[in-house]
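Inspection log for the structure reproduced underneath, given as structure tokens.
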Amino acid sequence: MLDIKLIRDNSEEFEKKLSLRGEGISLKPLKELDAKRRTLLSEVEALKAERNTVSQEVGRLKKEKKDADELVDKMQGVSARIKELDGEVAVIEAELEKHILTIPNTPHESVPVGADESANEVARVIGEKPSFDFSPKEHLDIGESLGIVDMERAGKLAGARFSLLKDEGALLERALINFMLDIHTREHGYTEVLPPFMVKSDCFVGTGQLPKFEDDQFKIEGWDHYLVPTAEVPVTNIHREEVLREEELPICYTAYTPCFRKEAGSYGKDTKGLIRQHQFNKVELVKFCRPEDSYDELEKLTANAEEILKRLGLHYRVVTLCTGDIGFSSAKTYDLEVWLPGQSAYREISSCSNFEDFQARRAKIRYKGKGGGKTRFVHTLNGSGLAAGRTLIAILENYQNADGSVTIPEALRPYTGGLEKIEKKS
RNA sequence: GGAGAGGUGGCCGAGCGGUUGAAGGCAUCUGCCUGCUAAGCAGUUGUAGGGCUUAACCCCUACCGAGGGUUCGAAUCCCUCCCUCUCCGCCA
């Protein structure tokens with residue numbers, strides 16, 4: 001959520017920044033509603049002030065056993081008018097709220113300008129594409145022939161875009177989650193949390209998934225709850241409506257959760273394999289920090305996510321998303337794209353963003369300065385560290401052998417009970 | 001799911017329909033005082049919105065779990081909801 005006070009005085013600047021996203025967003029209706037609201041407020045507040053003083057006078061007169069009927073009569077009218085105006089203010093404020101919640105964040109000045117992903121910039125490339133003396137297969141072929149992925153039965157259980165991992169497949173996914181969590185907690189200083197996997201709608205408004213992206217979410221019928229599409233939602237909202245102390249910042253959490261997404265609007269995309277699922281596992285990184293630190297923290301958080309890929313020996317690149325491609329709530333985003341030899345393509349495996357105070361303003365997450373200074377909004381950040389399902393895909397495709405077996409990356413072996421290779425059962 | 005108790009400021013805790021934004025205590029910060037510490041004395045300390053405004057000061061409005069209602073006036077009365085605690089039931 002943008003700051004209405006800033007918009008009031010700098011609406012052209014805001015419109016210009018928002019236009020970089022490629023959507024023509026006019027702030028005029030917002031400004032009009034704001035002006036209307038303030039006009040009404042000053043009227044109704046003046047009436048309330050009058051009512052307060054007169055009511056005290058009534059109290060005084062009654063105590064002295066004097067007649068106050070005339071004042072009471074008069075105030076009946078005033079109160080009625082106040083009620084009317086309060087109603088109008090409530091309507092305006094609801095509209096204002098509804099409107100401002102659908103306006104995306106403004107991109108940071110360092111974000112490349114462009115309309116779509118073709119304008120994204122590759123910030124760096126790490127490692128090299130592995131070479132094979134055979135034609136590398138796609139992860140689904142590998143997984144099914146090893147008997148560790150069963151898409152047919154997954155379909156029976158839950159339909160398209162769900163998967164069933166078996167045997168070493170299930171083990172590998174579980175190992176990856178633990179591996180990631182251990183590195184982030186033990187080496188990167190994050191505190192592990194295990195949040196609810198379904199949370200109330202307020203949380204979704206707080207991080208920006210609602211009201212605009214309702215169609216992407218799984219709602220629990222008869223409840224105010226939705227299944228989490230990412231741990232970002234519950235974890236960022238841990239501190240919703242709180243005032244933190246400057247000394248405790250930055251606060252860094254890591255969390256494993258399954259993620260549930262309808263994937264509306266992606267029909268026909270990534271229909272085969274495990275790339276795009278309604279449910280997948282992810283380890284997330286979330287930070288709350290001081291505004292002046294947030295861009296440093298974004299670099300650190302991205303590096304923390306990259307470290308997982310490095311330890312697993314996976315080749316990847318870091319992409320700076322352009323103004324037309326960053327998410328609704330984000331001011332700046334780096335995507336990590338891992339190389340998948342079976343598909344001969346880079347695929348997103350992590351997305352690391354600085355939301356500045358956009359989410360903090362929605363979720364009312366503030367902090368108080370050391371010197372007892374005024375409370376300010378924190379900056380929030382998050383990134384995948386990493387998406388476990390896609391990491392599994394990357395391992396299958398990058399560590400496949402000519403005989404159809406898959407070697408387990410060395411860093412992961414403490415987590416697979418020493419298992420070094422997944423081989424076809426006879 | 002059933003029965004009961006309760007939700008008030010940073011914390012504890014009073015609270016009568018009318019100078020209660022809120023007693024009292026603790027804590028905070030600032031002075032004063034004391035050889036130091038402790039104690040003591042005086043004062044200070046919430047959030048949000050709006051007006052004024054460079055800013056500060058100041059003024060107004062709202063906030064006693066949330067939302068409605070009654071009333072000239074609600075922390076106080078009524079209704080609905082949420083949450084916490086205790087007991088019973090059920091359960092991994």
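Below, read A as the first sequence line, B as the second, and so on, with proteins coming before strands; counting in each chain starts at 1. Hydrogens, waters and symmetry mates are skipped; everything else that's a heavy atom, side chains included, is used.
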Rounded to the nearest angstrom, tell me the gap between atom [atom1] in [X] and atom [atom2] in [N].
| X | N | atom1 | atom2 | value |
| --- | --- | --- | --- | --- |
| A/Leu71 | B/G18 | CG | C1' | 14 Å |
| A/Glu50 | B/C59 | CD | C1' | 17 Å |
| A/Arg240 | B/C82 | CZ | P | 16 Å |
| A/Asp224 | B/A66 | CG | P | 18 Å |
| A/Arg51 | B/U19 | CZ | P | 15 Å |
| A/Asn52 | B/U71 | CG | P | 18 Å |
| A/Asp202 | B/G67 | CG | P | 12 Å |
| A/Leu85 | B/A62 | CG | P | 14 Å |

Report task. Please state whether the rings of A/His188 and A/His184 are parallel, tilted or perpendicular, taking 30° and 60° as the class boundaries. Result ->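 Correct class here is tilted.
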Requested in this report: Indicate the ring-plane relationship of A/His278 and A/Phe162, choosing parallel, tilted or perpendicular according to the 30° and 60° boundaries.
Outcome: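 Rings of A/His278 and A/Phe162: tilted, as their planes differ by 30° to 60°.
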How far, in whole Å, is [M] from [N] if one measures between their [atom1] atoms?
| N | M | atom1 | value |
| --- | --- | --- | --- |
| B/G68 | B/G10 | P | 23 Å |
| B/G2 | B/G89 | C1' | 8 Å |
| B/G50 | B/A56 | P | 14 Å |
| B/A66 | B/U53 | P | 34 Å |
| B/G67 | B/A75 | P | 13 Å |
| B/G21 | B/U44 | C1' | 16 Å |
| B/G24 | B/C85 | P | 32 Å |
| B/A22 | B/G1 | C1' | 40 Å |

So, [X] and [Y]: side-chain donor and acceptor under 3.5 Å apart, yes or no?
| X | Y | result |
| --- | --- | --- |
| A/Ser294 | A/His379 | yes |
| A/Tyr367 | A/Glu247 | no |
| A/Tyr334 | A/Glu299 | yes |
| A/Gln359 | A/Thr380 | yes |

Can you check nucleotides 48-53 of chain B for protein contacts, nitrogen or oxygen pairs under 3.5 Å, and list what you find?
from, atom 1, to, atom 2, distance (Å)
B/A48, OP1, A/Arg366, NH1, 2.7
B/G49, O2', A/Arg37, NH2, 2.7
B/G49, N2, A/Glu45, OE1, 3.0
B/G49, N2, A/Glu45, OE2, 3.4
B/G50, OP1, A/Arg8, NH2, 2.6
B/G51, OP1, A/Arg38, NH1, 3.2

Have a look at [X] and say if it touches a base, only the backbone sugar-phosphate, or nothing, with a 4.0 Å heavy-atom cut-off.
| X | value |
| --- | --- |
| A/Gln56 | nothing |
| A/Lys74 | nothing |
| A/Val54 | nothing |

Query raised in the report: Taking the six-membered ring for Trp, are A/Phe197 and A/Phe260 ring centroids under 6.0 Å apart?
Result: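 No, the ring of A/Phe197 stays outside the 6.0 Å limit from the ring of A/Phe260, centre to centre.
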**Report entry** Listed nucleotide nearest any side-chain atom of A/Lys368, set B/C60, B/G46, B/C72
**Finding:**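 Nearest to the side-chain atoms of A/Lys368, counting from C-beta on, is B/G46.
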Query raised in the report: A/Lys48 has a side chain; which of B/A62, B/C72, B/U70 sits nearest to it?
Result: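 When the side chain of A/Lys48 is considered, B/A62 is the closest of B/A62, B/C72, B/U70.
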Query - Any pair counted as side chain to side chain donor-acceptor pair (under 3.5 Å), so long as it reaches residues 211-220 of chain A, sequence neighbours left out - result: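 Checked against side chain to side chain donor-acceptor pair (under 3.5 Å) - neighbours excluded - the pairs reaching residues 211-220 of chain A are A/Glu214-A/Tyr226.
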Requested in this report: Not counting sequence neighbours, list each pair that qualifies as a side chain to side chain donor-acceptor pair (under 3.5 Å) and has a residue in residues 91-105 of chain A.
Outcome: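 Matches after skipping sequence neighbours: A/Arg37-A/Glu93.
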Report task. Tell me, please, which residues at least two apart from A/Thr391 pass side-chain hydrogen bond (donor to acceptor under 3.5 Å, both in side chains). Result ->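 If we apply the side-chain hydrogen bond (donor to acceptor under 3.5 Å, both in side chains) test to A/Thr391, skipping adjacent residues, there are no hits.
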Query raised in the report: On RNA chain B, nearest-nucleotide positions of A/Gly59 versus A/Met75: which is more 5'?
Result: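 This one resolves to A/Gly59.
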Query - OP1 or OP2 of B/U70 under 4.0 Å from side-chain N/O of A/Lys83 - result: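 The answer is yes; a side-chain N or O of A/Lys83 sits under 4.0 Å from OP1 or OP2.
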Query raised in the report: Pairs in or reaching into residues 169-182 of chain A: which pass salt bridge (Lys or Arg N to Asp or Glu O under 4.0 Å), with residues at least two apart or in two chains?
Result: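 Of all non-adjacent pairs touching residues 169-182 of chain A, those that pass salt bridge (Lys or Arg N to Asp or Glu O under 4.0 Å) are A/Asp182-A/Arg186.
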Query - Consecutive-pair stems (at least three Watson-Crick or G-U pairs, under 3.5 Å) that include RNA chain B - result: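 Only these stems qualify: B:1-7 with B:82-88, B:10-12 with B:24-26, B:29-32 with B:40-43, B:46-51 with B:58-63, B:65-69 with B:77-81.
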